[in-house]
Amino acid sequence: MNNPFPRSFYFQDVQKIARQLLGHLFVKIQSDGSRLSGRIVEVEAYAHNEDPASHSYRGKTLRNAVMFESGGHLYVYFTYGMHYCCNIVTGPEGEGNAILIRALEPLEGKNIMAYKRFGKDTLSAKEYSNLTNGPAKLCKAMGIDREANGLDLCGSTCWIEKGKEISDPQIACSSRVGIHRAVSLPWRYYLKDCKWVSKARIHHE
DNA sequence: CGTGAGATTTCCT
DNA sequence: GGAAATCTCACGT
């Protein structure tokens, strides 16, 4: 419990980190000290170099500034006028790599997550399966908004910690979801046959 | 089951 | 002015 991954974890290759994140836990500590957590089952990598789909592609702006901080920070952005999505920043300061967390399997604090997302703590089976199976859904359930933008994942109230080890054969990859540029790059990684993976469809050119 | 429109801020052309 | 790393709801099959 409460054993965040060290800073060095976030300074490996972004694709390698993206694969390694699968199966580990995304943890957020609430103001009363209790834990909300979920197992990471789906991520997407966004690289600083030659990746037109990355927010960092055209340089630093007010919104994406955290993406250019050093590895181990949380980059939260607001999109479509209503949703938040959260990313793990990787690599040295100034590079602009990040990994979008796309789906979680809810573990600790499920009734709190249910309340944050649906305004009630008892969910139908359908609502429960929709609790954290998308990037904006999991942010709502975990209580992540612009306040969390820039959080240090090494010693604050939010981090990644060790979960069940996932072997390579259980990992699948595909095109990224919801983007129209660099669609051919297979930088979405997810756990095969996992019911918590998002249902979002992949765009084609 | 599938498809399509609307919500509404931030950034880019 | 228009698209965007999304989601939900309405409506037709």
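Sequence lines set the chain letters: A, B, ... in the order given, protein chains first and strands last, and positions in each chain run from 1.
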Does A:Arg146 make a side-chain N or O approach to OP1 or OP2 of B:dT10 shorter than 4.0 Å?
yes
Results of ring pair (Phe, Tyr, Trp, His ring centres under 6.0 Å) for A:His24 - residues two or more places apart only:
A:Phe5
Side-chain heavy atoms under 4.5 Å apart, restricted to Ile/Leu/Val/Met/Phe/Trp/Tyr: what other residues fall into the cluster of A:Leu25, or is it alone?
A:Val27, A:Ile29, A:Leu107, A:Trp159
So the salt bridge (charged side-chain N to carboxylate O under 4.0 Å, His left out) pairs with at least one residue in residues 31-53 of chain A (sequence neighbours excluded) are A:Arg35-A:Glu108, A:Arg35-A:Glu161, A:Arg39-A:Glu105, A:Glu42-A:Arg102, A:Glu42-A:Arg188, A:Glu44-A:Arg102, A:Asp51-A:Arg176
Under the side-chain hydrogen bond (donor to acceptor under 3.5 Å, both in side chains) rule, what pairs show up with a residue in residues 78-88 of chain A, not counting sequence neighbours?
A:Tyr84-A:Arg146
Residues in salt bridge (charged side-chain N to carboxylate O under 4.0 Å, His left out) with A:Lys60, at least two apart?
none
Sugar-phosphate means primed atoms, P, OP1 and OP2; the rest is base. With that split, encode nucleotides 8-13 of chain C 5' to 3' as B, S or - using protein heavy atoms under 4.0 Å.
S-----
Below the 4.0 Å mark, does C:dA3 have OP1 or OP2 next to a side-chain nitrogen or oxygen of A:His180?
no
C1'-based separation of C:dA5 from B:dT3 [nearest Å]:
22 Å
Going by heavy atoms closer than 4.0 Å, what residues in residues 59-83 of chain A are next to DNA chain C?
A:Met67, A:Tyr77, A:Tyr80, A:His83
Counterpart residues, ring pair (Phe, Tyr, Trp, His ring centres under 6.0 Å), relative to A:Tyr128 (two or more places apart):
A:Trp196
Residue pairs passing the salt bridge (charged side-chain N to carboxylate O under 4.0 Å, His left out) test with at least one member in residues 111-129 of chain A, sequence neighbours excluded, are A:Lys120-A:Glu127
If one requires at least 3 consecutive Watson-Crick or G-U pairs with distances under 3.5 Å, the stems of DNA chain B turn out to be B:1-7 with C:6-12, B:9-12 with C:1-4
A:His55 ring center within less than 6.0 Å of A:Tyr77 ring center
yes
Look at all strands and tell whether A:Ala53 reaches a base, only sugar-phosphate, or nothing, counting heavy atoms closer than 4.0 Å.
base
Pairs flagged by side-chain hydrogen bond (donor to acceptor under 3.5 Å, both in side chains) wherever residues 147-158 of chain A is involved - sequence neighbours left out:
A:Arg7-A:Asp152
Taking only N and O in the side chain of A:Arg181, is any of them less than 4.0 Å away from OP1 or OP2 of C:dA4?
no
Going by the rule side-chain contact (heavy atoms from CB on, under 4.5 Å), which residues pair with A:Lys16 if we only count those two or more places apart in sequence or in a different chain?
A:Gln12, A:Asp13, A:Gln20
